[in-house]
2 protein chains.
Amino acid sequence: MSQTVDRALSILPLLAQGPADLGQVAERLGVHKSTALRLLRTLHEHGLVYRQEDQRYRLGARLFALAQEAVENLDVREIAHSHLVALNDRCGHTVHLAVYEEQEVLYIDKVESRYPVRMYSRIGKPVAITVAAVAKLLLADLTEPERRVIAEKLDYPMYTSRSTPNPAAFLKELAVVREQGWATDLGGHEESINCIGAPIRGADGRVVAAMSVSAPNVVVTAEELLTLLPLVRRTAETISREYSGTTQPKKV
Amino acid sequence: MSQTVDRALSILPLLAQGPADLGQVAERLGVHKSTALRLLRTLHEHGLVYRQEDQRYRLGARLFALAQEAVENLDVREIAHSHLVALNDRCGHTVHLAVYEEQEVLYIDKVESRYPVRMYSRIGKPVAITVAAVAKLLLADLTEPERRVIAEKLDYPMYTSRSTPNPAAFLKELAVVREQGWATDLGGHEESINCIGAPIRGADGRVVAAMSVSAPNVVVTAEELLTLLPLVRRTAETISREYSGTTQPKKV
DNA sequence: AATGGGTGTTGCATATGTTGCAACGAACTT
DNA sequence: AAGTTCGTTGCAACATATGCAACACCCATT
């Protein structure tokens, strides 16, 4: 809606791919060098862009700080955190919390496994949306037309032989998840890693977040992991209740 | 330099403090509501701002993704990571990697402690600059006038009785660190937590990053932690060598 | 040494894009 | 049903961002 701001913001994803000099930025933006310079300067003043010694620009430090503050202000995260830690204490595995936002699912909290073999993931990292247990839970709660539209739009990378292969399979899986109220990812993302997850609901019953427990085969088999399901579901329900409680007196 | 972009970007730190509605944003920005609306819309299109159900705006998901991509593109981090993990394997404690940028020191990587008692920190979080071992290392490498200017500008919160109290003490500490080539934080941030750190240098000898090992008193005493110093310094030197190697053929 | 291409940078006139206004609509209170 | 409050839209006036051309600078080449 605002051309100038639009151009300035387009620089960010561009720099996310790697550092670039003024000429490159101007070219890829389709504007004159002097224009690009002024936009970059403004971004720089706000700390979103950093100028390294070789004069090239890259993303700046304030971005981290902003993302940091943002995540700490999420209500669900705050409420859920202690419960996630408690769950980790009991089972020892990696625990994740994720939300859905604008076509993306992303982790907003994580408690690391106590076992030496850990799975790779990071807060803020977009989730493998077609296979992750938390993604299935969050998408399963959308309306049927929404689910169809998104399922069609997605890519279906075959991380492993057990990855969700296409929209039809994904929609079917979402229906199952919706029905049973929990989800799994059995080697669909990484051959040797299994997850089980459960939804966290707001006062109106809608899914506001999803949590999961992940563990590699070498630590526990899929069957053993599934025995934790009741515990995971109870934890999710506890968080749901607490979250509903605090948000019931809906502030305006 | 660009008024429109400047205004738009000023919205981000504003929303970092918590969600706000259109009126609040317009007021705190000092512009008309319609103007604020258009800026917010542009930010929204780029995913930097999210509109929650109650119509209020808060920071959006893409911020995380951007910060994520940015951190993964840092050369030092990539080179250092495996060494940090190896160090953690050997000693079990929390390992941090930090850089200095525009008056701030921030963590860009972290390997969690294997012990149940962990210290709180998060990648992207600005470091307690007056006490942290990594901060001392990074600042100690600046020129003398730079150090003086920064030391004067900083706040000196007394986290504990052993926190650095004022600019003079800080400058003195930096001189020591600069001389000896390593740094400590013995209960200066959290009474019960000690850290030891070492610098990572580029080909020209300048400090490009700093790493540290942190452990709470309940796990190891400060003396025991100090026995790890040679190991930490060796690791930092290994990383320095590898980093210098890759950046020697200075790209233009 | 001097020249040439490659950067990033500045001042300026033009016109493009942004602004505030006022009026509308929707949702919620009284 | 009238009265708030909030978000939204179209429009005309103005301020602001734009591209240009010229400059400054650094490095490599001759």
Side-chain angles (χ1 to χ4, degrees), chain A residues 1-12 14-15 17-60 101-102 202-204 206 247-252, chain B residues 1-12 14-15 17-60 101-102 202-204 206 247-252:
Chain A
M1 282 278 132
S2 167
Q3 188 186 76
T4 317
V5 178
D6 185 51
R7 283 173 174 170
L9 297 182
S10 302
I11 293 177
L12 299 178
L14 195 155
L15 290 183
Q17 297 168 207
D21 65 27
L22 180 61
Q24 295 169 329
V25 171
E27 187 190 9
R28 301 190 58 178
L29 224 66
V31 298
H32 196 269
K33 279 193 307 177
S34 59
T35 306
L37 177 70
R38 283 181 286 249
L39 296 177
L40 280 164
R41 274 223 259 260
T42 313
L43 289 169
H44 179 85
E45 273 175 25
H46 286 259
L48 300 183
V49 145
Y50 177 71
R51 194 150 200 199
Q52 30 187 39
E53 318 83 63
D54 61 355
Q55 300 246 71
R56 292 190 304 166
Y57 294 91
R58 63 169 171 73
L59 295 183
E101 181 177 321
E102 317 252 345
D204 53 1
R206 291 211 48 193
T247 52
Q248 231 152 24
K250 196 177 181 182
K251 60 246 176 183
V252 181
Chain B
M1 283 273 131
S2 168
Q3 189 185 76
T4 318
V5 177
D6 185 51
R7 283 174 173 168
L9 296 182
S10 302
I11 294 177
L12 298 178
L14 194 154
L15 291 183
Q17 297 168 211
D21 63 28
L22 180 61
Q24 295 169 327
V25 172
E27 187 190 12
R28 303 190 55 176
L29 225 71
V31 299
H32 197 269
K33 280 192 306 177
S34 58
T35 306
L37 178 69
R38 282 180 285 249
L39 297 177
L40 280 164
R41 274 224 258 259
T42 313
L43 289 168
H44 179 86
E45 273 176 23
H46 285 259
L48 300 183
V49 145
Y50 178 71
R51 195 148 200 203
Q52 31 187 41
E53 316 84 61
D54 62 356
Q55 300 246 69
R56 292 190 304 166
Y57 295 90
R58 62 170 171 75
L59 294 182
E101 182 177 321
E102 317 249 347
D204 53 1
R206 293 211 44 195
T247 50
Q248 234 153 23
K250 196 176 180 184
K251 61 249 178 185
V252 182

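Naming: A, B, ... by sequence-line order, numbering from 1 per chain.
A salt bridge is absent between B:Glu101 and A:Arg51; no separation between the charged side-chain nitrogens and carboxylate oxygens falls under 4.0 Å. Ion pairing between B:Arg206 and B:Asp204 fails under the 4.0 Å rule for side-chain N and carboxylate O.
One finds a side-chain N or O of B:Arg7 lying less than 4.0 angstrom from the OP1 or OP2 phosphate oxygen of C:dT19. At the phosphate of D:dA17, OP1 or OP2 sits under 4.0 Å from a side-chain N or O atom of B:Ser2. For the pair A:Gln3 and C:dG17, the criterion of a side-chain N or O lying under 4.0 Å from OP1 or OP2 is met. Here A:Thr4 does not reach the OP1 or OP2 of D:dT16: none of its side-chain N or O atoms lies under 4.0 Å away.
Within a 6.0 Å radius of CD in A:Glu27, no more than 12 heavy atoms belonging to other residues, nucleotides or ligands are found.
Residue side chain A:Lys33 does not reach the base of D:dG19 through any donor-acceptor N/O pair under 3.5 Å, judged by distance alone.
Residue A:Thr4 holds its OG1 atom at 12.0 Å from CG of B:Asp6, rounded to the nearest 0.5 Å.
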A:Gln17 and A:Leu14: side-chain contact (heavy atoms from CB on, under 4.5 Å), yes or no, with the steps?
-> CA-CA 6 Å; A:Gln17 297 168 207; A:Leu14 195 155; 5.7 Å; no
Output, in order, the C-alpha distance, side-chain angles, deciding distance and verdict of side-chain contact (heavy atoms from CB on, under 4.5 Å) for B:Arg41 and B:Leu37.
-> CA-CA 6 Å; B:Arg41 274 224 258 259; B:Leu37 178 69; 3.9 Å; yes
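Residues B:Gln55 and A:His32 both approach DNA chain D. Their nearest nucleotides, taken by heavy-atom distance, put B:Gln55 toward the 5′ side.
At a non-hydrogen distance threshold of 4.0 Å, A:Ser34, A:Leu37, A:Arg41 from residues 34-42 of chain A come into contact with DNA chain C.
Rounded to 10 degrees, the angle separating the terminal helix axes of the helix from C:dA1-D:dT30 to C:dT30-D:dA1, each built from five base pairs, is 30°.
Listed here is the closest heavy atom pair of A:His46 and B:Leu9: ND1-CB, 3.5 Å.
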